[in-house]
Amino acid sequence: MFKKLLIANRGEIALRVIRTCKEMKIKTVAVYSTADRDSLHVKFADEAVCIGPPSSTESYLNVPRLMAAVEITNADAIHPGYGFLAENADFAEVCTEYGIKFIGPTPEMINRMGDKITAKETMIAAGVPCIPGSGGLLKSADEGKKLAKGIGYPVIIKATAGGGGKGMRVIWNDDEFQENWDNAKIEAKASFGNDGMYMEKFIEEPRHIEIQIIGDQHGNVIHLSERDCSIQRRHQKLVEECPSPFMTKALRTKMGEAAIAAGMAINYEGVGTVEFLVDKHRNFYFMEMNTRIQVEHPVTEEVIDRDLIKEQIKVAAGEKLNGKNYLPKLHCMECRINAEDVYNDFRPNPGNITSFHSAKGHGVRVDTHVYAGYSVPPFYDSMIAKLICKAETREECITKMERALDEFIIEGIKTTIPFHQQLMKNEKFRKGDFHTGFLDSFEMKNK
Ligand code: MV4
């Protein structure tokens, strides 16, 4: 097992990893930018190294500075968390060159899933259902128009280097093609430095349902059931839950098998998530694979009663999985609490937290790095806490979430708590009647 683990991240996920390491008797090294001096991850790690100024490129994304921190602390493993360098194959490669274990898959696996066309080709070869489309790079808008005749409008063009919604356009007819093509390519070039595009049939009003998997270094891959992440706003997830209200036993079996086939196809090592779009007939299609621990992993932890970070560290150290899949024993829902003004287009609202009273009680979990007196810096992601509730049924889970949201008091900054309070009261949401476009038509009532 590792002796000392460096966490190349900040915020709640850095603290989350530290907690598990303590339980596993692994020493921890926090790294921090000058803007994060007062963060709890710095206080709770065994050692902490300042790696630079607030700007991410000069701190959490700066590989030479991270490696210097590894050098001076003698860490033997790096946990990348999510975001920042978590899906950067070059970083994983550098770790290997330094003789330090990158807690995650190999650079080859990261690259293979990072290029969306290559990922899709891999999945088609593995027999995982994929959305009909161009099958490879499109050379021109004219080629796209020709192919769209066969596929049938609406279609969607996506950047092969993309993911998470950037460089993506829905096209409804030939006349709209050229303009969307030009704009998507400009956006892709600016965002990823790669404007390669592919095309798919556009699935209308789908759900986003993802399957958590874990693979070991001995060729075993298991699944740990789904998370429904359809409640999103501009490709930012706000609520995740398990079981999905749309799930059936038969569908979970089929999607679980497909996710395992996806992992097996690349000999996957580590925790990963296979994202699917599910249409109203319960047809499901591979969308993307995330090769990292995700923000919403606690939802799975609560319904299967396992520590996913512990499992992740164990497989990274070479331990074997025992081969059985995990099915949900409870219902769990997570609300992302962001420092944002929900009455003002969810604008980031960093600043000083003057008072902080966490929700507590049976079935309530709060993962956060903040506290009263902490100042939310303006330089990073606006998520400040995750409120996670579990109960026997979805209905009880929502009731508990409403209770927990009501007692969660954060003063000094605006948060997404009022949004969640209104969402929990929404009739369609309560019925489980939603899809990825749900929030497009959701209106906040006045304060
Ligand atoms: C799609 C789609 C419909 N049809 N692909 C959004 C982000 C990127 N991961 C892929 N996305 C989508 N791909 C086809 N063929 C709809 C979306 C999509 C979406 C997917 C999941 C969650 C929220 C979404 C919001 C808008 C569009």
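Note that ligands are numbered from 1 as they come in the structure, with each ligand's atoms numbered from 1 the same way. The shown structure was predicted, so the numbers you read here are calculated from the model rather than taken from an experiment.
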> Considering residues at least two apart in sequence or located in another chain, which fulfil the salt bridge (Lys or Arg N to Asp or Glu O under 4.0 Å) criterion with K386?
Replying inline: E12
> For F246, is the NZ or CZ atom of R207 found under 6.0 angstrom from the centre of its six-membered ring and inside 45 degrees of the ring axis?
Replying inline: yes
>> Going by side-chain hydrogen bond (donor to acceptor under 3.5 Å, both in side chains), name the residues that satisfy it together with R252, two or more places apart in sequence or in a different chain.
In response: E226
>> If the criterion is any heavy atom closer than 4.0 Å to an atom of ligand 1, which residues make the list?
In response: I131, I156, K158, G164, G165, M168, E200, K201, F202, I203, H208, Q232, H235, L277, M287, E288, T436
> Given F284, which of D279, I209, V278 fulfils the side chain to side chain contact (heavy atoms under 4.5 Å, CB included) condition?
Replying inline: V278
> How are the rings of Y60 and F84 set relative to one another: parallel (under 30°), tilted (30 to 60°) or perpendicular (over 60°)?
Replying inline: tilted
Enumerate donor-acceptor pairs with a distance under 3.5 Å from any side-chain N or O in residues 257-270 to protein atoms, sequence neighbours excluded.
| from | atom 1 | to | atom 2 | distance (Å) |
| --- | --- | --- | --- | --- |
| Y268 | OH | V271 | O | 2.9 |
| E269 | OE2 | K101 | NZ | 2.9 |
| E269 | OE2 | Q217 | NE2 | 3.1 |

